[in-house]
Colleague: 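The structure's right below; bear with me while I get my questions together.
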Amino acid sequence: MATAILSALADEQSGLIEQLEAAECIHHAGRDFWCGRLHGQRVVLALSRIGKVSAAITVAALIERFQVERVLFTGVAGGLAPSVQVGDIVVASGFVQHDLDVSPLYPRYQVPYYDRDRFDCDEALTAILLRANNDLWVGGFAGFDTENGRLLPKLHTGLLASGDQFVGSAAKSAAIFNGLRAAGHEPLAVEMEGAAVAQVCFDHRVPLAAVRTISDRADDAAHLDFERFLRDVASRVAHEIVGAFLKQLS
Ligand code: ADE
């Protein structure tokens, strides 16, 4: 059985495909799934694409067609909590859908038929992911080490908020943050897929661990920071994390 490496970004995936041993590409459900070995582990590489529906389709295929035994999801996110800054890493403890609202039929954010508003990542797999990150960023701190051109991030663990929109204004970001806090949640960052992936994994009892690098602050400059970050940093960080995670598995 294999580990699924689910990437949000094509750049993250392309570098991993280059490293894949005994690589085989299988086309299924309109998507490419790359099977092979990475750091001694059997893996299936797939792209979540953007948004909750696309991500759910990809992860359902990984589980049903490729029978993966665990999922590692990597990508970028916009910082919501004041302490979460560009360049930081957030290991997800769980996900909530910030754009889900079936009130007054159900409480705000609650997923109908599940009696819950958040889906948690697997504790044991998340512990492995945290160990992998700790190994990578020993003594890490927020910001860039300009001398070595290397990212030295701050590591956070907590709740991520997913929704089908790129959050690109301080007003929108504050509304999401404050709305979730009013319902008892403490979201660290916002992205567009994780809650869907977590819900599919929950239904199939497949362990999930997820990590996001902070590309922007989900504010008025978010689109500029996002593009620069993707170009300069995101895929490099994702490769290091995937490598360290797979080595921890063996
Ligand atoms: N992923 C990275 N930055 C984001 C943002 N500002 N909104 C939604 N998803 C993101």
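When reading the values below, keep in mind they use all heavy atoms of this one structure, side chains included, and skip hydrogens, waters and symmetry mates. Just so you know, ligand 1 is whichever comes first in the structure, and atom 1 is the first atom listed for that ligand.
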Colleague: Can any side-chain N or O of His27 pair as donor or acceptor with the backbone N or O of Arg31 at less than 3.5 Å?
Modeller: yes
Colleague: Do Ile241 and Ile89 have side chains that approach each other closer than 4.5 Å (heavy atoms only, starting at C-beta)?
Modeller: yes
Colleague: Salt bridge or not between Glu193 and Lys52? Use side-chain N to carboxylate O under 4.0 Å.
Modeller: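 Looking at Lys52 together with Glu193, the answer is no, because their closest N to O distance does not fall below 4.0 Å.
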Colleague: Under 3.5 Å, side chain of Thr126 to main-chain N/O of Asp122, donor-acceptor pair present?
Modeller: yes
Colleague: Would you say that more than 12 heavy atoms from the other residues, nucleotides or ligands in this model lie under 6.0 Å from the CZ of Arg42, or not?
Modeller: no
Colleague: Which protein residues have a heavy atom closer than 4.0 Å to any atom of ligand 1, listed by chain and number?
Modeller: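 Residues near ligand 1: Val76, Ala77, Gly78, Gln165, Phe166, Val167, Val190, Glu191, Met192, Ser215, Asp216, Ala218, Phe226.
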Colleague: Assess the side chains of Ser103 and Arg108: does a donor N or O sit below 3.5 Å from an acceptor N or O?
Modeller: no
